[in-house]
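First listed ligand is number 1; within each ligand, the first listed atom is number 1.
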Amino acid sequence: MFQRILIANRGEIALRIIRACKELGVRAVAVYSEADADSLHVQMADEAICIGPSSASDSYLKISNIISAAEIADVEAIHPGYGFLAENAHFAEICANCRIVFIGPSPDNIRTMGDKAVARETMQKSGVAVTPGSEGVLANKDEALKWAKRIGYPVLVKAAAGGGGKGMRAAHNDVSLVQAFMTASSEAERAFGYSGMYMEKYVEKARHIEVQILGDEAGNIVHLGERDCSIQRRHQKLIEEAPSPALDDDIRRKIHRAAVKAAEAVKYRNAGTVEFLYDEKTREFYFMEMNTRIQVEHPISEEITGIDLIKEQIRVAAGESLSFSQRDIRMHGHSIEFRVNAEDPYRNFTPSPGHVERVHFPGGNGVRVDSHVYSGYDIPPYYDSMVGKIIVKGNDREEALSRMYRALDEFRIEGISTTVPLGLALLADARFGAGAYDTRFLEHFLEEGTFHMSKQQ
Ligand code: MV4
C-alpha cells in the first residue's frame with residue numbers, strides 16, 4: 001500500500017478521498033487554490049500545499065503545479081477525483097513518466113473513451129449494442145446527409161471530443177441537419193479544438209442507466225450494479241437512484257453483462273462507468289459513453305453493495321487484486337442521492353455562492369451526507385456549485401423515498417439558496433414516486449409551473 005497520496009481536487013470529493021486514505025492508513029496530501037485556503041479538505045488532510053490563484057486553470061488544472069506539489073510532498077500516487085484532470089490522458093501519462101501512480105485507468109483507456117467516435121466503434125466491434133449510426137467521423141455535411149438517409153430521422157450529431165451533451169445537436173430533416181452539423185462542429189472546434197462529428201439515431205424517450213465497473217491490474221472486472229440518472233437538467237444530474245426502478249431482472253442482467261463486456265474490450269482498469277440509453281418501449285439499451293473516472297453519484301452504488309469504491313480504487317492502483325469476485329457482490333436495498341447545489345431553483349438556477357451563516361445536515365437512520373460545507377464557510381464563486389450530496393439507503397425504494405423526503409425536510413442552511421426545495425417538490429410528485437420518468441422529466445416538471453408557484457414568501 002502507498003504511504004502518501006496527493007489529492008488533486010477540492011470540495012466534497014477531496015474530503016471523500018481523504019477519508020478513504022485515513023481508513024487505509026495512508027497519509028493524505030491536499031492541494032488548494034488561494035480561494036480554498038479555509039476549506040475543509042485543507043483542514044482534514046495531513047498536509048496541504050497551495051498550488052496557485054483562484055482560477056482553476058491556474059491551480060487545479062495546472063499540471064506543472066500539481067506535479068511540483070507531488071514531488072515536494074514525495075507522494076507515490078495522485079488521486080484526481082472527478083472533473084479537473086480526472087480524464088486527461090496527457091496528465092495520466094506525465095504521472096507515469098514521473099514515477100507517480102495515477103489512481104485511475106490507463107492513459108490508453110482514457111484516450112479511447114475520450115474520443116466518443118472511437119469508443120462507439122470499439123464497442124460495436126466488441127458486440128456491445130450501440131444506436132444505429134455512422135461509422136467513424138463524418139468528413140463533411142454531404143456524408144452527414146448520406147448517413148441520415150440510411151439511419152432515418154430524427155438523428156443526433158455529436159462531437160467526438162464532446163460527451164455529457166456538449167457539442168450535440170438534433171436534426172429532423174435534411175435542412176436542419178446541415179444547420180446542426182455546421183453549428184455543432186464549429187462549436188466543437190472552439191470548445192475542444194477538434195471538430196470531429198459522428199451521428200446516431202435519436203432515441204427520443206429514454207432513461208439514462210449507467211453501470212459501475214471496477215477492474216484490477218490482473219484483468220479481473222466486476223460490476224456494482226446500475227444507477228438510474230434520468231433526472232437531469234441541462235445534462236446536470238439532480239437525483240440518482242440504485243437500482244433503477246425501470247429494469248426487470250432480465251434486462252438488468254443483460255445491461256450489467258454488456259457493461260462488463262465493454263470494460264473487458266478495452267482491458268479497463270480501476271473504477272469506471274458505462275452509460276446506456278434505455279428505451280422502455282422497445283426494451284432495448286444502447287451504449288452511450290464510458291466515463292473513465294469516479295463519479296459524483298458513486299455513493300449510491302457503495303450503499304447497495306457495501307463496497308468502498310475509493311478504497312478499492314486506491315488498492316487496485318497499488319497493484320492489489322480485487323478481494324472479491326462478481327458472485328461475492330450482493331446488492332441489497334435501495335439508495336438515492338440528491339445533489340445540493342448553491343443555486344436558486346426559483347430564479348432559473350442562478351448560482352448562489354457566498355457566506356454560509358449556519359448549516360444543519362440531516363442525520364439519523366440510513367442517511368449519509370458527503371459535504372465540505374460548514375457553518376461560517378464562504379462558498380467561492382470560481383468552481384462548480386455543488387455544496388454536498390445527501391445519500392439515503394432503505395430496505396426498498398419506498399423506504400428510501402420517504403427517508404430522502406425526511407432528510408431534505410431536515411436540512412437547514414442560512415445565507416445561500418439551494419436546490420433542496422426542488423428536491424422536496426420532486427419527491428412529492430406521484431410520477432417520480434412511481435418511478436415513471438425519463439431524461440426529459442425534470443425539464444417538463446419545471447415547465448409545468450407548479451414548482452415555481454410553490455415558493456413560500
Ligand atoms: C442520446 C440521446 C438520444 N439518442 N443519443 C446526452 C448526454 C450524452 N451522454 C449523450 N446524450 C444523449 N444521447 C441518442 N442516440 C439522448 C441524450 C440525452 C440525454 C441522455 C441522458 C440523460 C439526459 C439526456 C438529456 C438530453 C439528451
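Here the side chain of Asp216 pairs a donor or acceptor atom with the backbone of Asn220 at under 3.5 angstrom. One N or O on the side chain of Ser106 and one on the backbone of Asn109 form a donor-acceptor pair closer than 3.5 Å. A side-chain donor-acceptor contact under 3.5 Å links Ser134 to the backbone of Met199. Judged by distance alone, the side chain of Ser352 and the main-chain N or O of Ser417 form a donor-acceptor pair under 3.5 Å.
The shortest contact between atom 24 (C) of ligand 1 and any protein heavy atom is with Thr439 CB, 3.8 Å. Scanning the protein heavy atoms around atom 6 (C) of ligand 1, the nearest turns out to be His235 CE1, 3.5 Å. Considering only non-hydrogen protein atoms, atom 17 (C) of ligand 1 sits nearest to Met168 CE, 4.1 Å. Scanning the protein heavy atoms around atom 23 (C) of ligand 1, the nearest turns out to be Gln232 OE1, 3.2 Å.
The aromatic rings of Phe411 and Phe361 are tilted relative to each other, their planes meeting at an angle between 30° and 60°. Ring orientation note: the planes of Phe287 and Phe276 are nearly perpendicular, at an angle over 60° on the 30°/60° scale. Phe84 and Tyr383 have perpendicular rings, their planes meeting at more than 60° on a 0 to 90° scale where under 30° would count as parallel.
Interface atoms of ligand 1 facing Glu275, defined by a heavy-atom separation under 4.0 Å, are 9 (N). The ligand atoms of ligand 1 that sit less than 4.0 angstrom from a heavy atom of Glu289 are 8 (C), 9 (N). When each atom of ligand 1 is checked for a heavy atom of Gly165 under 4.0 Å away, the hits are 7 (C), 8 (C). For ligand 1, the atoms lying closer than 4.0 Å to a non-hydrogen atom of Leu277 are 1 (C), 2 (C), 3 (C), 4 (N), 5 (N), 14 (C), 15 (N).
By the 4.0 Å N-to-carboxylate-O rule, Arg16 lies close enough to Asp308 to be salt-bridged with it. No salt bridge links Arg120 with Glu135; every basic N to acidic carboxylate O contact stays at or beyond 4.0 Å.
In this comparison of Lys158, Arg207, Met288, the heavy atom closest to atom 5 (N) of ligand 1 sits on Lys158.
Of the polar atoms of Tyr202, none of the N or O atoms is found under 3.5 Å from an N or O of ligand 1, judged by distance alone. Ligand 1 has no nitrogen or oxygen under 3.5 angstrom from a nitrogen or oxygen of His208. For a threshold of 3.5 Å applied to N or O pairs, the pair formed by Glu200 and ligand 1 contains at least one separation below that value. Of the polar atoms of Lys201, at least one N or O is found under 3.5 Å from an N or O of ligand 1, judged by distance alone. The shortest N or O to N or O distance between Val203 and ligand 1 is below 3.5 Å.
Residue contacts with ligand 1 do not include Arg440, since none of its heavy atoms lies under 4.0 Å from the ligand.
At a 4.0 Å heavy-atom cut-off, ligand 1 does not touch Glu204 at all. Here Thr131 has side-chain heavy atoms under 4.0 Å from ligand 1, and that is the only part of it that gets that close.
With respect to Lys393, the side chain to side chain donor-acceptor pair (under 3.5 Å) criterion is satisfied by exactly one of His332, Glu303, Glu399: His332.
One finds the CG atom of Leu85 at 8.0 Å from the CZ atom of Phe102 (value rounded to the nearest 0.5 Å).
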